[in-house]
Peer 1: 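The structure that follows is given in the form of structure tokens.
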Amino acid sequence: MSDSLSDRLEVTVRAEPARLRELRAVVDEFASRHGADRDARDAIVLAVNEACANVVRHAYGPQGGPLHLKARARGEFIQVLVSDNGTPVADPTGPGAGLGLRIINGLADDVDIEGPGRSGTKLRATFSLKGAQARHQELPDLDDLN
Amino acid sequence: VRQEPTRRRISKGAAASGEPPSQKERGHSAEATSVAAGRSDSTIVVHRPSAHIAVVELHGEHDLTTSEQITAAIAEELRARRGVVVDVSNASFIDASVLHAIADGHAGAQQAGLGFALQYGTSRLVRRIFEITGFLASLPSATSREQALELAQNPA
């Protein structure tokens, strides 16, 4: 399920609750391999889980669909993209998703949400490899992960 | 990852892991219900140290795969007019869906005039989600079983 290059991670799974644990493990391993400290790994795992859980809950109806997780290491940062191809059955940024999004916003150095739209929703988040030590430092100009 | 069929079993005084209960657990538990949820290392164990109190213990990782079962386990105890302690001190991971389940349980206890408390421990990830959400400020909480039981004796 994974196509992992040296500085990139690409995973596509069916959007269902049972896949959340392995997605957490995959992104934690990627962050660890690229030098993320304990604090940063925890932040990435918690935030990616919430982003993926939002896809599981909101992106598709009963027929389900794919969940895409991409990550790449850029200098002192890891960028993550969680996306789907769904037409949301509920607004993933609306009521009920508030706590998950608050967690993501509280843990990532930068968050950008594109959609929901006809081609699904994309959530991009950037994390410092040095976790809390580097929080509030100025983000470099990173091109979007797509 | 293959998800095992959800199983629910009731065992007297035994934890879901199959390991024998500790001396402390044996001393406290008149009855224990184990709900093995999804994976064998993600379990919900319900102890009833007295007729009026239940402890819902979460072991391992808990997320959308188990949050509905946590909600149901808490609701069942409240329906039986028991105050509830939710113990996450043995949980290695919880997410927003679990926080919602606990918050719903707390609200249910308040509506029913029953006690409710959260027992938490030292897991980094669990502590982090509490910090980032300010969750501990929203309900009675303690780091020891004794304190949590005391809090759950009285209506929230």
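Treat the numbers as computed from the prediction; the structure is a model and nothing was measured. Letters A, B, ... are given to chains in the order of the sequence lines, protein chains preceding strands, and every chain is numbered from 1.
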Peer 1: Is there a donor-acceptor contact under 3.5 Å linking the side chains of B:S42 and A:R21?
Peer 2: yes
Peer 1: Surrounding CD of B:E131 (heavy atoms of other residues, nucleotides or ligands, distance under 6.0 Å), is the total greater than 12?
Peer 2: yes
Peer 1: Working to the nearest 0.5 angstrom, can you tell me the gap between B:H62 NE2 and A:L20 CG?
Peer 2: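 Going from the NE2 atom of B:H62 to the CG atom of A:L20 covers 13.5 Å.
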Peer 1: Could you state the interatomic distance from CZ (B:F93) to CG (A:L46), rounded to the nearest 0.5 Å?
Peer 2: 5.0 Å
Peer 1: Does A:E50 reach the main-chain N or O of B:A96 with its side chain, forming a donor-acceptor pair under 3.5 Å?
Peer 2: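 Side chain of A:E50 to backbone of B:A96, a donor-acceptor pair under 3.5 Å: yes, one is there.
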Peer 1: Which bit of A:D42 is near chain B, if near means a heavy-atom gap under 4.5 Å: side chain, backbone, both or neither?
Peer 2: both
Peer 1: Quick check: closest heavy atoms across A:D39 and B:R128, and the distance to 0.1 Å?
Peer 2: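 So the two residues come closest at O-NH1, 2.9 Å.
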Peer 1: Honestly curious: do B:V46 and B:L151 fall in one hydrophobic cluster under the side-chain, below-4.5 Å linking rule?
Peer 2: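 No; B:L151 is not reachable from B:V46 via cluster members.
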Peer 1: Under a 4.5 Å heavy-atom cut-off, does chain A meet the side chain of B:D95, its backbone, both or neither?
Peer 2: both
Peer 1: Minimum heavy-atom separation for A:P17 to B:L64, with atom names?
Peer 2: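 Distance-wise, the nearest heavy atoms are CB-CB, 3.9 Å.
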Peer 1: Near B:E150 CD, under 6.0 Å, is it more than 12 heavy atoms from other residues, nucleotides or ligands?
Peer 2: no
Peer 1: Measuring heavy-atom distances to chain A, does B:F135 have an atom under 4.5 Å in its side chain, in its backbone, in both, or in neither?
Peer 2: neither
Peer 1: Side chain from CB out, backbone as N, CA, C, O: work out which of these in A:R24 comes under 4.5 Å of a heavy atom of chain B, or both, or neither.
Peer 2: side chain
